Each structure stands twice: as C-alpha cells, then as structure tokens.
Amino acid sequence: MPFSVATWNINSVRLRLPLVLQFLQDHQPDILCLQETKCPDDLFPREAFHEAGYAHIEISGQKGYHGVATLSRRPLTEPARVGFCNIADCRHLSTVVEAGGKRIRIHNFYVPAGGDEPDPEINPKFAHKLGFIDEMKAMRAEFGEGSASLLVGDLNIAPLETDVWSHKQLLKVVSHTPVETEGLENLRRSGGWSDLMRHHIPPSEKIYTWWSYRAADWRAADRGRRLDHIWGSPDLEGDLRDITVLKEARGWERPSDHVPVIARFDLD
DNA sequence: ATGGTGGTCATACCA
C-alpha cells in the first residue's frame, strides 16, 4: 500500500461520522486531515476512529465553529498549533509522520472563508482572510536530509481560472478575487510549495472540490470551485503517484459541501 | 438585485 494523504472539509465531524468511517474503510488513506470539525476536543469521536484503524489522532477543536483534526494509521509526532491574526480560533494543526524513510511534516489548514463582500475596508471577515494568508507566508516547505512537507486543507481560495465554473463571473466573488488568487499563488511560490493537485492534473482541466448547498441541483448546475488543496515540498513531486477528487461524495446522503481529495505517493 | 441550503446551538451567526 503506497503512502496516502487525504483532506476533507467535513462540516461537522459528529453529524457526518458515518460518512467519514465509510470513506476510511473504502479508501484507507494513511492520513486524513479534516476541517470544520465543529467539535470541542472532549467530544471528539476518538473511539470510533480508533476502531477503524486510526489509532493516532491529533485535534484542535472548539465549540460550534472551525476546528481541524489529523487522523493517522501511522504514529504522529511533534504536534504543533500556530495561531493567526491574534485570534484564538482553531484553523491550523501540524504533525509529523514517517513515510519512505522521510519525516514528513503535514500542515492541516482551515483558512477563513472571508464573508460576502470582497472589500477589507468594509468587511472585517475579508480583512481577516487577507491577514491570514499574509501570515501563512511563514509556513515554508521544508525538505532535504530525509525530510519533506505537505500543506493541505480548505484554503477557501480557487486560484486558477480552471478552478472555478466561470472565471469571469467569479472575479468579484470572495474565493476568486485577484487579491486572493494572487495572494495565495504568491505565498505558495515564496514558501517553496508545489501545487500537487495541479502537478498531477494539468491547469487546462477544470477541478472542483466544493459545490454550494444552495444549488437546486448541484450536479446539473456543476457550479463548483477548487477550494481544497494539497501542496508539497518539491521533492514530493517525483514521489506523487496520483490525485483523486472524490466527486461522488457530494452525492452521498446528507453530504458535506466539500469532497475528499486523496494524494497517493510511491513511498512506503 | 435577490435568495437560495445547511450546521451549530437554541437565535443569530457562520459558511
């Protein structure tokens, strides 16, 4: 079994626990990074994940909002939580796992959505989002000497024209405005990260990982966006075997509005 | 230009 890492904004881990367990059973990723767990740490369903083979769990949760969790079949070490924008919310968690003889640090992120109005002067949520991605510049892709890194999660930005159903119609919509898309691409490049989804799937191809709940028929309208990402240190490009966007998960019973993305590597 | 759905927690807030 090649080493694999999945990311999924679950929009309440307790409500959708059966879906997560089904996903783990069907796809057996070594690592699953969850976002929007909406679950305080003392209520996190650890036991159910232990029984599913995920004995190693790190969580950073709070009541009602946000929250990230990293589940693993392999030992997780050096858990670390970084705070952003001087707000005590739960949007980042990093851990270290071993694969293919490398120590891989995995950053699990939930970037603020940013509200509706793409103007930081009048919308404090958008200002928060811009401040957050500015502070994310401190997250560098570290590699070499038997180490590597991944940065995954719901970044709430669709950077490329082919990451949205209509580039023109979304230019003034939060998640695809130039200040966000350029900001994210700049921080990715300056941090030395490779966009592994786009390394595997060419930029000419549309990719979506999220479809709004508000569409009458999400599948027919197909107005999606690629908000969820898997970045890696450049050494991992050569180890990447494939990327899967599990679109079918959007059609499951009481689904999350995001679907899982899975990266498989030629590493043991 | 508007409202459309869904989760949390218990009423508005957030996505």
Side-chain angles (χ1 to χ4, degrees), chain A residues 7-23 33-45 48 59-69 84-92 108-120 122-133 136 152-159 163-166 168-177 179-181 184 208-229 247-261:
Chain A
T7 181
W8 193 8
N9 177 320
I10 196 59
N11 187 16
S12 175
V13 68
R14 284 175 289 173
L15 187 71
R16 278 182 251 288
L17 182 59
L19 295 190
V20 183
L21 294 172
Q22 187 65 55
F23 169 74
C33 294
L34 294 170
Q35 301 87 35
E36 278 207 273
T37 52
K38 297 185 174 177
C39 182
D41 289 352
D42 55 334
L43 296 176
F44 194 87
I59 54 183
S60 178
Q62 65 184 85
K63 186 179 177 181
Y65 303 104
H66 324 313
V68 291
F84 290 81
C85 304
N86 288 313
I87 298 173
D89 54 6
C90 298
R91 298 181 177 275
H92 170 265
N108 178 357
F109 266 102
Y110 175 51
V111 172
D116 289 330
E117 188 57 56
D119 180 351
I122 59 174
N123 175 9
K125 290 182 202 165
F126 196 68
H128 178 209
K129 185 178 198 175
L130 298 183
F132 195 100
I133 62 172
M136 275 178 78
V152 311
D154 177 5
L155 305 186
N156 265 317
I157 297 172
D163 291 336
V164 291
W165 63 275
S166 168
K168 270 185 81 170
Q169 285 174 262
L170 288 176
L171 273 170
K172 291 179 177 169
V173 173
V174 171
S175 74
H176 194 63
T177 64
V179 64
E180 294 169 87
T181 58
L184 190 72
Y208 311 142
T209 65
W210 171 90
W211 291 261
S212 172
Y213 282 127
R214 295 179 190 176
D217 184 339
W218 71 275
R219 201 190 301 269
D222 200 24
R223 296 185 166 191
R225 305 178 201 170
R226 181 171 73 116
L227 303 180
D228 303 275
H229 297 267
K247 182 177 179 182
E248 67 193 62
R250 186 61 179 79
W252 291 348
E253 187 90 24
R254 297 199 78 185
S256 169
D257 44 356
H258 296 251
V259 300
V261 183

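Letters A, B, ... mirror the listed sequences (proteins, then strands); counts begin at 1. Reckoned from all heavy atoms, side chains included, excluding hydrogens, waters and symmetry mates. Since the model is a prediction, treat every value here as computed from it, not as a measurement.
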Quiz prompt | His258(A) NE2 to dC14(B) P, straight-line distance once rounded to whole Å | solution = 17 Å
Quiz item: Over how many whole Å does the gap from Glu36(A) atom CD to dT5(B) atom P extend?
Solution: 19 Å
Quiz item: Given that Lys38(A) and Arg91(A) both sit by DNA chain B, which one's nearest nucleotide is further toward the 5' end?
Solution: Lys38(A)
Exercise. Determine: side-chain N/O of Ser12(A) to OP1/OP2 of dT8(B), distance under 4.0 Å, yes or no.
Key: yes
Exercise. Please state how far atom CH2 in Trp218(A) lies from atom C1' in dG6(B), giving the value in whole angstrom units.
Key: 16 Å
Quiz prompt | Earlier contact from the 5' end, DNA chain B, for Gly114(A) and Val13(A) | solution = Val13(A)
Exercise. Scan Arg223(A) against the nucleic acid and name what it touches under 4.0 Å (heavy atoms): base, sugar-phosphate only, or nothing.
Key: nothing
Quiz item: In whole angstrom, what separates Leu43(A)'s CG from dT8(B)'s P?
Solution: 12 Å
Self-check item: Length of the line joining Asn11(A):CG and dT8(B):P, which is rounded to integer Å
Solution: 7 Å
Quiz item: Around atom CG of Asp217(A), are there more than 12 heavy atoms of other residues, nucleotides or ligands at under 6.0 Å?
Solution: yes
Quiz prompt | Between dA1(B) (P) and Glu117(A) (CD): distance, integer Å | solution = 12 Å
Quiz item: Given dG6(B), dT8(B), dC14(B), which nucleotide is nearest the side-chain atoms of Arg16(A)?
Solution: dG6(B)
Quiz item: For the side chain of Leu15(A), counting heavy atoms from C-beta on, which of dG7(B), dG6(B), dA15(B) is nearest?
Solution: dG7(B)
Self-check item: Separation of atom NZ in Lys125(A) from atom C1' in dA15(B), rounded to whole Å
Solution: 8 Å
Quiz item: Where does the angle between the aromatic ring planes of Tyr110(A) and His66(A) fall among parallel (under 30°), tilted (30 to 60°) and perpendicular (over 60°)?
Solution: tilted
Practice problem: For the residue pair Glu36(A) and Ser256(A), establish whether any side-chain heavy-atom pair is separated by less than 4.5 Å. | Solution: no
Practice problem: For Arg14(A) and dT8(B), give me the distance from atom CZ to atom C1', rounded to whole Å. | Solution: 9 Å
Quiz item: Would you call Asn11(A) and Tyr213(A) a side-chain contact if the rule is heavy atoms closer than 4.5 Å?
Solution: yes
Exercise. Please measure how far the P atom in dT2(B) lies from the corresponding atom in dG6(B), and state the result in whole Å.
Key: 23 Å
Practice problem: Side-chain contact test, heavy atoms from C-beta onward, threshold under 4.5 Å: evaluate it for Asn9(A) versus Leu227(A) and give yes or no. | Solution: no
Practice problem: Determine the interatomic distance between C1' on dA15(B) and the same-named atom on dG4(B); round to the nearest Å. | Solution: 14 Å
Exercise. Return the nearest nucleotide to the side chain of Tyr110(A); candidates are dG6(B), dA15(B), dC13(B).
Key: dA15(B)
Quiz prompt | Complement of dG4(B), any strand, by Watson-Crick or G-U distances under 3.5 angstrom | solution = none
